[in-house]
Asks: 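Before I ask anything, here is the structure I am working with.
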Amino acid sequence: MSTPTDRPSICVSLPDGRELALPEGATAADLAAKIGPGLARAALAATVDGEVRDLARPLPDGAEVRLLTERDPEALGVLRHSAAHVLATAVRELVPTAGIGFGPAIDDGFYYDFDVPEPFTPEQVAAIEERMAAVIEADHPFERQVVSRQEACDLFSDDPLKLERLGEIGDDEEITVYRDGPFLDLCRGPHVPSTGRLGHYRLLSAAGAYWRGDERRRMLQRIYGTAFFRAKDLRAHLHRLEEAKKRDHRVLGKRLDLFSVQEEVGAGLVLWHPHGGRVRRIVEDFLRESLVAHGYELVYTPHLASEELYRISGHLDVFAEDMFPAMESGGDRFRMKPMNCPHHFMIYRSQVRSYRDLPLRFAELGTCYRYERSGTLHGMLRVRSFTQDDAHIFIREDQIAEEYQRLLDLGDHLLGVFGYEYRVALSTRPEKAIGDAAVYDAASDRLAGVLRERGLDYELDEGGGAFYGPKVDILVTDALGREWQGGTFQLDFLMPERFGLEYVGRDNRRHQVVVVHRTLLGSMERFIGGLIEHYGGAFPLWLAPVQVRVLPVSEQWEGSAAELVAQLSAVGLRVELDQRDTLGYRIRAAETMKVPYMAIVGEREAEAGTVAVRARGARRKQVAMERGEFVSRLADEVERRVL
RNA sequence: GCUCUGGUAGCUCAGUGGUAGAGCGCUUCCUUGGUAAGGAAGAGGUCGCGGGUUCGAUCCCCGCCCAGAGCUCCA
């Protein structure tokens, strides 16, 4: 389409379907200006036919253009990537010899990797952050320039990291550099129009990171930061980080006396203290009860096995590094078990199974041992000895869909009780898959069908499945909005073959079973570590290690208080009598230990046969209650597992 | 495993080349207290472990162990 003017023009379309004519060479910024001065000020970047671009780039004729302001989620990534450049600008000004790695935007902010002789000190990071303010103040425009390979090589001749990256850019790709004031970077962009658009940012930490994420290569120094459009959002983010620190299960685990990890015992080996043990036992009891109700058989298997077992499973070849070394005894070699699967397979194999027996569901709270690398250990969340809520389900191929329905029912029930939101992901056949691709894909399709049927808006991870079968993952979101692995249901077509797991069909022939490996909570360690953070240590009544503290106002009322303790214990409540020091002191102690209820007994209560009930966090808003009513209310709250 | 930082009383931490301190907690005594710390006294330490330097090391140096942040890894 051409217009009868002497200036050639282009036409672009907007998200609302409107079309606008612009002079040839007009940029997205020009477009914004044409639409209105407000948008011209607010625009940060644009999507052009779906690709995010700088505002300053000329628009192609016929493009679909969407102008991005701080309201668009894509804009935040652009802002953060630009913040990374500002960070690098500041670093270069303070340390001119610093080599420049990569500086991407990430989920919660951005980072930049620098090649410097010494790690950054906290003082340096503070100085860099201050320097960034000057770069922003200067309001340098981000200038994009397309250069030839030779020009780029010349520009970055003293920066080997950039030259290496340059070498990887194909001849068919455009090489672009971006400049903001003194800083020039090899970068694909896009960026906000100028450094002045950065407002609310914070540098968070500095630590080593391998160049290209490869542990065989040199270590660079990475600085992490975050940036937002609004001060409020930055504040909220920093607050969330603070909150996460306060909820750290390692800190709470110590303060609430739940667990410890001690040098003399060994790294990654968790000791469950009595109160942690109570929480675990309650979770386990609830889990076992749910499993039995869902048709599982509970099995038990030893903590170690002959190495031969792992030779059959094939794990010895692939995962020997991650297993504890062998123990020799009487000429046999034994290993601490790194997983329960082979043991359960041996139980399955111990007799001839009929198609009528299937599905067969073996569940075990199975303790496993894996020699995780020292740097990966983390409180209860990454350990070397852990108890999986493991199960192996043996089914016929035609039972896949129904079994996954049951699994999702069970998962939904369990996670709901703990107050977790979750989402689901399906991982399908990777390149390296073994066996019949058609069988794999048919199974994936069936799983997808199940998820659709349940109305689940699942995420598809194409090619993310294991080489032996597709899987469905449950990803839970905790109270702070963080995501955890919340269960995985893994189909396996390989192990049945390796172990010869068969059933006799209606046709009186042997057929291979299909195995589902599944865990719902993961491991007791990881799950309860996660629960501690989810609840911030304030467990709901049904899980709380101590549910009630009875506090006599003075020694005089101890007898009456003891009667109440007996009444509460009689219905199975976990109750303590606290008779130390002053009442104020004991209230403070109960709050600190996050005990759900305080039951106070003084003259008034002793005489009236009542109790003054103060709930955790309720300050002075306490209520007087008949004792019987108090007991039955708590019993009911436990029974219904109120959150 | 790698880089950096750290390890002092049960906990949180201060401190020093001449064998060590606080607060909380614990024990005992006084107080019998009505809603987030009443008062006093006392006990409690191989200053992570092993070497080295030094007249002398908790402190300086080396190795190891453990922890933290990040990287890498996670059947």
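All values below come from the heavy atoms of this structure, side chains included, with hydrogens, waters and symmetry mates left out. A note on names: the letters A, B, ... follow the listed sequences, proteins ahead of strands, and every chain is numbered from 1.
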Asks: In whole Å, measure the gap between the P atoms of B:C74 and B:U16 for me.
Replies: 45 Å
Asks: I need a per-nucleotide contact map over nucleotides 2-10 of chain B, read 5' to 3'. Cutoff is protein heavy atoms under 4.0 Å; write B for the base, S for backbone only, - otherwise.
Replies: BBS------
Asks: Give the rounded distance in Å between these two atoms: CZ of A:Arg218 and C1' of B:C71.
Replies: 15 Å
Asks: With heavy atoms under 4.0 Å as the rule, sort A:Asp214 into base, sugar-phosphate or nothing.
Replies: nothing
Asks: In whole Å, I'd like the distance from the CG atom of A:Leu241 to the P atom of B:A69.
Replies: 13 Å
Asks: What nucleotide among B:C11, B:G1, B:A67 has an atom nearest to a side-chain atom of A:Arg373?
Replies: B:G1
Asks: Atom CG of A:Leu220 to atom P of B:C71: distance rounded to whole Å?
Replies: 13 Å
Asks: Does a side-chain N or O of A:His378 approach OP1 or OP2 of B:C74 to a distance below 4.0 Å, or not?
Replies: no
Asks: Distance between the C1' atoms of B:G50 and B:U3, in whole angstroms?
Replies: 25 Å
Asks: From B:A75, B:G68, B:A36, pick the nucleotide closest to the side chain of A:Arg250?
Replies: B:G68
Asks: Whole-Å distance between B:C11 C1' and A:Leu252 CG?
Replies: 14 Å
Asks: Can you check the distance between B:G44 and B:G25, where both ends of the measurement are the C1' atom (answer in whole Å)?
Replies: 11 Å
Asks: In whole Å, what is the span from the CG atom of A:Leu258 to the P atom of B:C11?
Replies: 15 Å
Asks: Classify the nucleic acid contact of A:Phe386 as base, sugar-phosphate or nothing, counting any heavy atom under 4.0 Å across all strands shown.
Replies: nothing
Asks: Take the protein atom CE of A:Met339 and the nucleotide atom P of B:C74, then report the distance between them rounded to whole Å.
Replies: 14 Å
Asks: Under a 3.5 Å threshold, yes or no: a donor from one side chain and an acceptor from the other, between A:Tyr369 and A:His303?
Replies: yes
Asks: So which nucleotide from B:G38, B:C66, B:G34 ends up closest to the side chain of A:Glu605?
Replies: B:G34
Asks: Given pairs defined as Watson-Crick or G-U wobble with both distances under 3.5 Å, what dot-bracket annotation applies to RNA chain B, with ( ) intrastrand, [ ] crossing, | other strand and . unpaired?
Replies: (((((((..((((....[..)))).(((((.......))))).....(((((..]....))))))))))))....
Asks: So A:Glu591, base contact, sugar-phosphate only, or nothing? Heavy-atom distance under 4.0 Å.
Replies: base
Asks: Distance criterion of 3.5 Å, no angle test: do you see the side chain of A:Arg382 paired donor-to-acceptor with the base of B:C73?
Replies: yes
Asks: Determine, step by step, whether A:Glu591 and A:Arg614 satisfy the salt bridge (charged side-chain N to carboxylate O under 4.0 Å, His left out) criterion, reporting the C-alpha distance in whole Å, the side-chain angles of both residues, the deciding distance to 0.1 Å, and the verdict.
Replies: CA-CA 10 Å; A:Glu591 286 288 358; A:Arg614 175 170 163 154; 3.6 Å; yes
Asks: Using ring-ring contact (aromatic ring centres under 6.0 Å, His included), reason through A:Phe114 and A:Tyr112 one step at a time and then give a plain yes or no.
Replies: CA-CA 7 Å; A:Phe114 301 97; A:Tyr112 216 116; 5.2 Å; yes
Asks: Tell me, for nucleotides 22-32 of chain B in 5' to 3' order, what letter each nucleotide earns: B for a base near a protein heavy atom under 4.0 Å, S for only sugar-phosphate near one, - for neither?
Replies: ---SS-----B
Asks: Are the aromatic rings of A:Trp484 and A:Tyr422 close, with centres under 6.0 Å apart?
Replies: no
